[in-house]
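Inspection log for the structure reproduced underneath, given as structure tokens.
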2 protein chains.
Amino acid sequence: MTRAPHQILIIEDEPVIREVLRVLLVREAYRVIEAPTAARAQIEARNHKPDLLIVDLGLPDGDGLDLIRRIRAWSSIPIVVLSARTLEEQKIAALDAGADDFVTKPFSAPELLARVRAGLRRGARAPSGDAPLGFGAVQVDLAVRRTHGAHAEIHLTPVEYRVLESLARRGGMVVPQRVLLREVWGPDRGQDTRGLRVFISSLRAKIEPDPRRPRYLVTETGIGYRLCPDDAADAATAGPSLER
Amino acid sequence: MTRAPHQILIIEDEPVIREVLRVLLVREAYRVIEAPTAARAQIEARNHKPDLLIVDLGLPDGDGLDLIRRIRAWSSIPIVVLSARTLEEQKIAALDAGADDFVTKPFSAPELLARVRAGLRRGARAPSGDAPLGFGAVQVDLAVRRTHGAHAEIHLTPVEYRVLESLARRGGMVVPQRVLLREVWGPDRGQDTRGLRVFISSLRAKIEPDPRRPRYLVTETGIGYRLCPDDAADAATAGPSLER
DNA sequence: CGCGCCCGTTAACCCGTCGTTAAGAATTCG
DNA sequence: CGAATTCTTAACGACGGGTTAACGGGCGCG
């Protein structure tokens, strides 16, 4: 797989860390753009359309979270967040705002690069299901919004489709409940997971062979849900590739 | 195996000890840089990007702890701390600040060299988010939050994952109990290690081949714990026979 | 030799979260 | 305008995870 020179935008106010990041990434043959402020970052992002963003939270002008939300309004570029704080709160908030991954300082070079690779891999993927999802005898085609089981057509409601899309986009990864809430119902919904649970239940009733013992739509208690279709070719996300 | 000449930065004010260290390390074919002060150390570290730091606590200008914290803001170079005082407090504080290992003066040459080797080994390995951890037949993928043993999936609870993450970030090095408590439960938890011990126990029950004799999740009495996953090479296949 | 500290393990309890059903709003469509 | 479908909300049982307490063992120290 020939790697076109990916372009990465670094948003970091502290020159020292910016330098470290730049050297690290350039050495991996990435093209690098830098922005010291959130305001500048928006301009750069629009102009260069980078393949990935590295954002340090706690920028001088305006919160980093705000920047993420604003970028997310018009783009789905993978965003890797960099933060000194180890608090879970911060992490959740960033992911909630639309970040894809999270690295806490101090970070190791291999770790950061791994996240970057993962992000780029994710970004390279087809945006939404051109390949139908398989759950045993049930097949869901998100692209044309059609689902059929072993013997008959199955009907999914709009919200059910959106939940599935949200889960499928991060194929195999756990999707936090807050992320699901935001992506399905919009940002105004707090943390009220009651509705979500109802739809998970009804989804399971439709796609799981034995809804009592979920196999494809799995709960991660306290975190969220994970969707694992039994299709093989979908190895895009969890690739064990450790190439150099 | 051919060992590339690792570069080690010694931060030590007392010329005599510095000399001893230098000779010791050069004899092992390491390249050595020296810095008598914390201020100088930062410059050298940034310029030469050494593979490991040896820091003497109690430097003239500014505390060694401060230096560690400042380095840790942008790098995860392995740091071995050298301390004259035998106080546990000192060790803990250093590890808490981000050091990886410690040696108390007077030290024996073999001991120091062992710590150095361990540190370098750790630095060479990738404590990355996307490489699964191998524990004999058990494989833990922190990125995807998925764990499977020889025959079946293994379920880890959220706290168990967080403990593992915290340990894996410092792969192979000692993680003080305080650090674990803070990273897993947040800063409000004092030093109540009771809960931690319970989770260590249940983790061992899930990932250790023989939980009675821990091999991967090792206790450092009075200090903390250490996680030593298999090397990536023989992760999947080998069912390593360990009978003692 | 005995005492105390630290660690490991088990078990009990409490509370949060999850899954499900059902009934009332909202929306769509004929 | 009415009916059907969809979404929301409520309620409640069940389960699992987290916390704490209690006990036993190993080890060092007096």
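To find a chain, count down the sequence lines: A is the first, B the second, and so on, and within it residues start at 1. Only this structure's heavy atoms are used, side chains among them; waters, hydrogens and symmetry mates stay out.
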Contacting residues from residues 202-212 of chain A, given that a heavy atom lies under 4.0 angstrom of DNA chain C |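 Here the set is A:Arg204, A:Pro211.
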Spacing of [X] atom [atom1] relative to [N] atom [atom2], expressed in whole Å:
{"X": "B:Asp192", "N": "C:dC7", "atom1": "CG", "atom2": "C1'", "result": "14 Å"}
{"X": "B:Leu196", "N": "C:dC6", "atom1": "CG", "atom2": "C1'", "result": "13 Å"}
{"X": "A:Phe199", "N": "C:dT21", "atom1": "CZ", "atom2": "C1'", "result": "15 Å"}
{"X": "B:Glu220", "N": "C:dG8", "atom1": "CD", "atom2": "C1'", "result": "16 Å"}
{"X": "B:Arg213", "N": "C:dG8", "atom1": "CZ", "atom2": "C1'", "result": "15 Å"}

Within the structure shown, what part of the strands sits under 4.0 Å from A:Gln177 by heavy-atom distance: base, sugar-phosphate, or nothing?
->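 Since only primed, P, OP1 and OP2 atoms lie under 4.0 Å of A:Gln177, the category is sugar-phosphate.
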So what does A:Val198 hit on the nucleic acid, given a heavy-atom distance under 4.0 Å: a base, only sugar-phosphate, or nothing?
->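 Since a base atom lies under 4.0 Å of A:Val198, the category is base.
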Which nucleotide in C:dG19, C:dG8, C:dT17 has an atom nearest any side-chain atom of A:Arg197 |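 Nucleotide nearest to A:Arg197's side chain: C:dG19.
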B:Val163 and B:Leu180: which non-hydrogen atoms are nearest, and at how many Å?
->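 In this case the closest contact between B:Val163 and B:Leu180 is O-CD2, 4.3 Å.
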Got a second to check how far B:Met173's CE is from B:Glu220's CD, nearest 0.5 Å?
->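 B:Met173 atom CE to B:Glu220 atom CD measures 9.5 Å (nearest 0.5 Å).
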State the OH-OG distance between B:Tyr225 and B:Ser166, to the nearest 0.5 angstrom.
->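 Between atom OH of B:Tyr225 and atom OG of B:Ser166 there are 13.0 Å.
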Within less than 4.0 Å of OP1 or OP2 of C:dC7, is there a side-chain N or O belonging to B:Ser201?
->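 So the side chain of B:Ser201 is outside the cut-off, no N or O lying under 4.0 Å from OP1 or OP2 of C:dC7.
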Is A:Tyr225 near enough to C:dG19 that one of its side-chain N or O atoms lies under 4.0 angstrom from OP1 or OP2?
->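 For A:Tyr225, the contact criterion (side-chain N or O under 4.0 Å from OP1 or OP2 of C:dG19) is met.
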Do [X] and [Y] sit within salt-bridge range, that is, some charged N less than 4.0 Å from a carboxylate O?
{"X": "A:Glu208", "Y": "A:Arg213", "value": "no"}
{"X": "A:Arg72", "Y": "A:Asp100", "value": "yes"}
{"X": "B:Arg145", "Y": "B:Glu160", "value": "no"}
{"X": "A:Arg182", "Y": "A:Asp188", "value": "no"}

Does any non-hydrogen side-chain atom of A:Phe135 lie less than 4.5 Å from one of A:Leu227?
->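 A side-chain contact exists here, since the closest heavy-atom pair is under 4.5 Å.
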Let me see the working for A:Arg204 and A:Thr219 under side chain to side chain donor-acceptor pair (under 3.5 Å), right down to the final yes or no.
-> CA-CA 11 Å; A:Arg204 287 212 255 245; A:Thr219 302; 3.2 Å; yes
Taking heavy atoms of chain A and a 4.0 Å limit, find me the 5'-most and 3'-most nucleotide of DNA chain D within that range.
->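 Contacts span D:dT6 to D:dA10, reading 5' to 3'.
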